[in-house]
Amino acid sequence: MAVATLTLDLTALAANWRALDRMSAAGVQTAAVVKADAYGLGVDAVVRTLAKAGARRFFVAAAEEGLRAREALGPGPQINVLSGHMAGDTRLIREADLTPMLNSVTQITRHLETLPGHSFGVQLDTGMNRLGMEFAEWEAAAPFVLEAGPDLLMSHLACADAPDDPMNARQLANFHAMTDGTGVARSLSATGGILLGPAYHFDLTRPGIGLYGGQPYGAAQRVVALSVPLIQTRAVAQGETVGYSATWTAPQDSVIATVQGGYADGIIRALSGRATLWAGDVPCPVVGRVSMDMITVDVTHLPHVPDALDLIGPHQTLDHLAEVAGTIGYEILTRLAARLERRFIGTPS
Ligand SMILES: *Cc1c(COP(=O)(O)O)cnc(C)c1O
């Protein structure tokens with residue numbers, strides 16, 4: 001085994017979707033957000049698994065991602081594009097039967113002129129100031145847009161991972177003000193919003209990270225494991241240094257393992273000298289810099305050095321690792337997309 005192995009538990013993935021689905025009332029639909037190659041896990045296996053589990057609606061960031069999801073899913077499930085209908089997307093939207101989430105008058109005009117009668121949704125900005133139509137813009141355009149028959153009105157919460165943040169209630173009130181009485185299906189919540197409770201669920205929820213086992217969904221089953229193979233071990237005498245820039249000096253005679261996996265695999269350099277790998281139940285500290293393809297690990301205390309060490313596993317979750325690196329689980333996952341071997345285990349029941 002020459003590359004690090006990312007193991008994805010499809011049973012856990014399906015279980016997380018079902019558990020998030022059960023958190024909202026029976027009439028509320030639970031979609032699945034699979035942008036960025038399903039957060040780096042591999043969109044084909046993820047959408048097939050979730051479709052089997054019962055998901056009928058998927059969200060991607062761009063039309064190109066939508067095509068890929070459509071090829072994996074076949075006809076039937078709805079695929080929504082969060083960047084809307086960009087110039088140049090028209091053919092892809094039609095041929096892959098994508099539903100763009102339109103976010104401006106320009107996009108709405110483009111969509112209605114080029115693909116009249118083709119499904120669409122509208123994104124509203126309730127305070128995040130990132131994407132979607134703002135209050136005044138929507139107020140002016142709404143009568144005409146509603147006439148064209150959008151099938152979803154949606155917005156996105158900026159602070160849903162912090163339940164006590166007053167921003168949540170403010171955005172909720174704004175969303176009501178912008179959408180009450182329209183008679184159109186509505187969606188406000190990603191994973192964090194689902195956990196805020198039924199007032200935030202509306203007609204459809206859009207979990208992403210919770211499906212993949214990440215915070216803020218603390219009760220998620222673990223979906224991802226990452227194991228890195230050992231290339232070589234060496235004896236390093238007390239006082240010798242290891243790795244680029246010689247940042248680590250052996251405090252005693254040591255045994256150092258070099259494992260195959262580095263920042264080109266998404267094991268980001270910020271983990272240098274800070275992360276821990278695991279030999280079964282035994283922690284082994286990373287020493288020195290993470291390099292492009294390799295990491296050096298202190299295994300002096302191991303009676304037997306295994307063929308591979310775990311970076312994400314039972315003792316170190318995605319979120320633990322993210323914390324050590326000073327980032328969030330989302331970024332760790334989406335960086336792991338590169339050359340890792342993906343192994344799928346479990347089957348959705
Ligand atoms: C990424 C995204 C989601 C999913 O968010 P998670 O926090 O991963 O659940 C939902 N809606 C929108 C608009 C997004 O951009």
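If you read the sequence from its start, that first residue is 1, and numbering goes on from there. As the structure lists them, so they are numbered: ligands from 1, and atoms in each ligand from 1. All values reported here derive from a predicted model rather than from experimental measurement.
Residue M154 approaches ligand 1 through these ligand atoms, each under 4.0 Å from one of its heavy atoms: 13 (C). Within ligand 1, the atoms closer than 4.0 Å to a non-hydrogen atom of P207 are 9 (O), numbered from 1 in the order shown. Of all atoms in ligand 1, numbered sequentially from 1 with element shown, those under 4.0 Å from a heavy atom of R130 are 15 (O).
One finds a salt bridge joining D180 and R186 here, because a Lys/Arg side-chain nitrogen approaches an Asp/Glu carboxylate oxygen to under 4.0 Å. A salt bridge does not link D89 with R110: every distance from a Lys NZ or Arg NE/NH1/NH2 to an Asp or Glu carboxylate oxygen is 4.0 Å or more. Between R68 and E64 there is no salt bridge, since none of the side-chain N atoms of the basic residue sits less than 4.0 Å from a carboxylate O of the acidic one. Between R339 and D265 there is a salt bridge, with a side-chain nitrogen of the basic residue lying less than 4.0 Å from a carboxylate oxygen of the acidic one.
Taking the six-membered ring wherever Trp is involved, the centroid distance between the rings of H176 and F202 falls below 6.0 Å.
With a 4.0 Å cut-off on non-hydrogen atoms, V33 touches ligand 1 through its side chain and not its backbone. Contacts of M101 with ligand 1, taken as heavy-atom pairs under 4.0 Å, are absent altogether. Neither the backbone nor the side chain of Q123 comes within contact range of ligand 1; no heavy atom lies under 4.0 Å. The side chain of H156, and not its backbone, has at least one atom closer than 4.0 Å to an atom of ligand 1 (non-hydrogen atoms only; side chain from C-beta on). At a heavy-atom cutoff of 4.0 Å, ligand 1 is contacted by the side chain of L82 but not by its backbone. The proximity of F59 to ligand 1, defined as any non-hydrogen pair under 4.0 Å, does not occur for either the backbone or the side chain.
The environment of R91 atom CZ is sparse: at most 12 non-hydrogen atoms of other residues, nucleotides or ligands sit within 6.0 angstrom. Counting heavy-atom neighbours within 6.0 Å of R56 CZ, excluding the residue itself, gives a total above 12. Around CE of M86, the count of heavy atoms belonging to other residues, nucleotides or ligands within 6.0 Å does not exceed 12. Within 6.0 Å of CZ in R234 there are 12 or fewer heavy atoms belonging to other residues, nucleotides or ligands.
Annotation: atom 8 (O) of ligand 1 to nearest protein heavy atom, Y39 OH, 2.5 Å. In terms of protein heavy-atom proximity, atom 11 (N) of ligand 1 is closest to R206 NE, 3.0 Å. Scanning the protein for heavy atoms near atom 9 (O) of ligand 1, the closest one is T191 OG1, 2.5 Å. In terms of protein heavy atoms, atom 2 (C) of ligand 1 is closest to K35 NZ, 2.5 Å. Atom 7 (O) of ligand 1 has Y330 OH, 2.6 Å as its closest protein atom, hydrogens excluded (heavy atom only).
If you check the side chains of Q78 and D151, you find a donor sitting under 3.5 Å from an acceptor.
Checked against a 3.5 angstrom limit, the closest N/O atoms of A190 and ligand 1 fall outside it. In terms of polar-atom proximity, G210 is not counted as a contact of ligand 1, lacking any N or O under 3.5 Å from an N or O of the ligand.
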